[in-house]
Amino acid sequence: MNLLKFYITTPIYYVNSEPHIGSAYTTIIADIIARYKRLMGYEVFFLTGTDEHGQKVYQAAQQAGKEPKEFCDELAEKFKSLWKELEITNDHFVRTTDDYHVRTVQIFVEKMIENGDVYKGVYKGWYCIPCETYWNEDEVIRDGSSVLCPECKRPVKWLEEENYFFRLSKYRDALLKHYEEHPDFVEPDFRKNEMLKILEGGLKDLSITRTTFKWGVPLPRDPSHVIYVWVDALINYVSAIGYGWDEETFKKWWPANVHLIGKEINRFHSIVWPAMLMSVGLPLPEKVFAHGWLTVNGQKISKSLGNAIDPRYFVNKYGNDVVRYYLVREISFGKDGDFSEEKLVGRLNSDLANDYGNLLHRATAMVQKYFNGSLPRPSEGEGIDNWLKERYFQTKDEYLKLMDSYKLTEALEKLWLFIADVNKYFNDTQPWVLAKENKMDRLGTVLYNTLETILKVAIMTSPVMPDTSEKVFGRLSFDAKPSLEHLEEWGVLKPGSAVKHGEPLFQKVEVQNLKKVVETVIVEENTITIDEFSKVDLRVAKVVEAERIPNSRKLIRLVVDLGSEKRQIVAGIAEHYTPEELVGKNIIVVANLKPAKLMGYESRGMLLAAKHGETLRLLTVDGDIAPGAKIS
RNA sequence: GGCGGCGUAGCUCAGAGGCCAGAGCGGGUGAUUCAUAAUCACCGUGUCGUGGGUUCGAGUCCCACCGCCGCCA
């Protein structure tokens, strides 16, 4: 195994919705770790991608009126382009619909079967037909004698389906042993403890195929079965690096050094995936790191809200580096945290603009003024210079140690304590007084030392703020590829090289100007956006036929003209309107409502009516307009 | 319901039996003027969630309770 290789992964993101700040967070953190390892001299493979199979994706595609593959192509593109905008340096982007992945999944699962870890059994559980979702006994809602779907609240059906099962239970002891021998296998430790509890409680075998839908990887020996999305998805970590199709590359990178994940998928990564690897005889990843969740301005990221908060909003406004710095610095890595624009601006103003940016600014200004923009040569140092150097080497050691153990927040904290010390050094040596007294030699030494420390800071922060570090390197005419060696030695900057004084690195933002913005970002839970509203396709429809549905007290079957087509709609208005009254009326219907069956009649749409007590009146338009006219 | 975690300064959090309980941010005062009104120094008695208990001594250990959260069922 090449000791200097580093393989890091993010989860592959499920494409039933667009990327939000949560997926961006995971990916940015992974990018920071990847960049850090490259800086340390590792050869890095950084993998991310999309998870595209499964019934939910299929449904989402249907709702969007698209073929699943076409739908996935579009969403995968959205993820790719967001990562590009965020300057994510992933080495590959895996999609579970990629051919090599599909083949690898089949090879992997076949191997599990060959090794005797899969058997045919009967899956028993509740199934919600409209939602196409399976629910466990503990998930369904019991309302008297009826059993309801927790999502749509409609009755669920008891289902017994023949499936293939993975003998997960068989690996309990081996997993426990692995946890014991590798105490850092799962981090943070409280997440590990949760996993240990599950293991100690015993494992149930896992159903790994489905027969109720087709959008997935078929099981080669029994193609009526499609492989369960989670099994399919987890295999991306080996398919992307060649398992089953490029053994050499695969051997180079596997096992992964870290799977970076969100806490909600810990069980799959820390129990199911390791067991699958054991089953096919592969070594386990070195570490699974489960980070926490973000709230945004104190609110949970729900699907609707999450989409409202596009990470691009903040990046466009403040720049990548500021957002990245904020995420690492403010949200203690591993725990839950809140993404608040106000706090981001606080960090930008105080840490970045005042402490860091201004330090560079004041130092380069003096080199410009007193040394004509040419870096002075330092001479023999004094006590305070040695103190500065000592503080630097101490900080560097702490920083490396913390970064190596994924304590990103603390690493930055230490770095900023050091920046405060550099400011103190600058203050205490009073270079402006030295200039007045014409002590140019001493002045040169102070400025050199200050800029040398800024270079170190720029190198150490380059994984987090790559663009800013590039700017600093430019100002200091440092054109080497930054590396660990540049951190280990003092005196990297070459006297005589050009020092450029320019615009401040970071522009401060007034907090007063922020209020409005924060308000626009917060979406009240009981309000909807214009986008959400526009999803509802409201149309004017002319009723062309109407009749009562036999044996129903309330229902009337209508045929309405929508301009481009005629449709059947079933409505519960028989107690308020007679069929004769209805024919010829221009009514308002929801044209893109999911079709439903009422008393055996399909209804493709819903008409709108106002109801008050016992009175019900249909909505109609003021005056005449063509059937099918869109309402907005 | 079971197991676990958390509750400490206005905010974010650190501290895990023992001198006056800490840091950063915000706020205040002073110094300074090279710099983006920036930097540096100084300034915090806060029921350490509540009530009991153990101990010479408890944010720090034990028990109960309240509130929030996580995992599992």
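Every chain is numbered from 1, with letters handed out A, B, ... down the list of sequences.
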Between B:G22 and B:C42, how far apart are the two P atoms, rounded to whole Å?
15 Å
Proximal nucleotide (of B:A41, B:G24, B:U39) relative to the A:K424 side chain
B:A41
When you check the side-chain N and O atoms of A:Y425 and A:N449, is any donor under 3.5 Å from an acceptor?
yes
Could you tell me which nucleotide pairs with B:C61 by Watson-Crick or G-U wobble geometry, both distances under 3.5 Å, or answer none if nothing does?
B:G53
Should A:Y392 and A:W387 be marked as a ring-ring contact (aromatic ring centres under 6.0 Å, His included) after you check the CA-CA gap, both sets of side-chain angles, and the distance that decides it?
CA-CA 8 Å; A:Y392 163 66; A:W387 169 81; over 10 Å; no
If the P atom of B:U55 is compared with that of B:U12, how far apart are they to the nearest Å?
38 Å
In whole angstrom, give the distance that lies between atom CG of A:L360 and atom C1' of B:U39.
15 Å
Could you state the atom-to-atom distance from CZ of A:R347 to P of B:U36 in whole Å?
24 Å
For A:T27 and A:T48, does a side-chain donor sit closer than 3.5 Å to a side-chain acceptor?
no
Out of B:C25, B:U33, B:U36, which nucleotide sits closest to the side chain of A:W432?
B:U33
Is the closest basic N to carboxylate O distance between A:E187 and A:R191 below 4.0 Å?
no
Considering only atom P, compute the distance from B:G15 to B:G53 and round it to an integer number of Å.
29 Å
Can you tell me how far P of B:C25 sits from CG of A:L348, to the nearest Å?
15 Å
5′-ward residue of the pair A:D351/A:M366 relative to RNA chain B
A:D351
Are A:Y326 and A:Y318 near enough that their ring centres are under 6.0 Å apart?
no
Send over the distance from A:I419 CD1 to B:A23 P, rounded to a whole Å.
20 Å
Would A:R210 and A:Y228 count as a cation-pi pair here, with the cationic atom under 6.0 angstrom from the ring centre and within 45° of the axis?
yes
Which part of the nucleic acid, if any, lies within contact of A:A435, taking any heavy atom under 4.0 Å across all strands shown: a base, the sugar-phosphate backbone alone, or nothing?
nothing
Pair assignment for B:C25, Watson-Crick or G-U wobble, requiring both distances under 3.5 Å:
B:G10
Charged N-O contact under 4.0 Å between A:E87 and A:R324
no
When the P atoms of B:C66 and B:C20 are compared, how many Å lie between them, rounded to an integer?
35 Å
For B:U47, the Watson-Crick or wobble partner whose two distances fall under 3.5 Å:
none
Examine B:C71: is either OP1 or OP2 under 4.0 Å from a nitrogen or oxygen in the side chain of A:N266? Give yes or no.
no
Measure CG/A:L344 against C1'/B:G26 and give the value in whole Å, please.
17 Å
Where the side chain of A:I198 is concerned, which of B:C71, B:U33, B:U39 is the nearest nucleotide?
B:C71
Which residue lies more 5' along RNA chain B, comparing A:V433 with A:K197 via nearest heavy atoms:
A:K197
Closest to side chain of A:E194, choosing from B:C40, B:C71, B:U32:
B:C71
Could you check which of B:C34, B:U12, B:C40 has an atom nearest any side-chain atom of A:K343?
B:U12
With C1' as the reference atom in both, quote the distance from B:C69 to B:U33 in angstrom, rounded to an integer.
50 Å
Roughly how far apart, to the nearest Å, are B:G17 and B:A73 at atom C1'?
37 Å
Taking only side-chain N and O atoms of A:R267, does any of them lie within less than 4.0 angstrom of OP1 or OP2 on B:C72?
yes
How long is the line joining CG of A:N423 and C1' of B:G24, in whole Å?
15 Å
Which base sits across from B:G2 as a Watson-Crick or G-U pair, both distances under 3.5 Å?
B:C71
Using the purine O4'-C1'-N9-C4 or pyrimidine O4'-C1'-N1-C2 torsion, is B:G49 syn (within 90° of 0) or anti?
anti
Interatomic distance where NE2 belongs to A:H291 and C1' belongs to B:G70 [whole Å]
16 Å
Rounded to whole Å, NE2 of A:H361 lies from C1' of B:C34 at a distance of 10 Å
Candidates B:C40, B:U12, B:U36 - which lies nearest the side chain of A:D428
B:C40
Would you indicate what A:P431 reaches in the nucleic acid, counting non-hydrogen atoms under 4.0 angstrom: base, sugar-phosphate, or nothing?
nothing
Of the options B:G70, B:C40, B:U32, whose atoms approach the side-chain atoms of A:N427 most closely?
B:C40
Would you confirm whether the ring centroid of A:F289 sits within less than 6.0 angstrom of the ring centroid of A:H259?
no
Minimum-distance nucleotide (side-chain atoms of A:K508 versus B:U36, B:C25, B:C34)
B:U36
Could you give the distance separating B:A14 and B:C61 at their P atoms, to the nearest angstrom?
15 Å
Taking the same atom, C1', in B:U50 and in B:G59, what whole-Å distance lies between them?
14 Å
Who is the Watson-Crick or G-U wobble partner of B:U39, with both distances under 3.5 Å?
B:A31
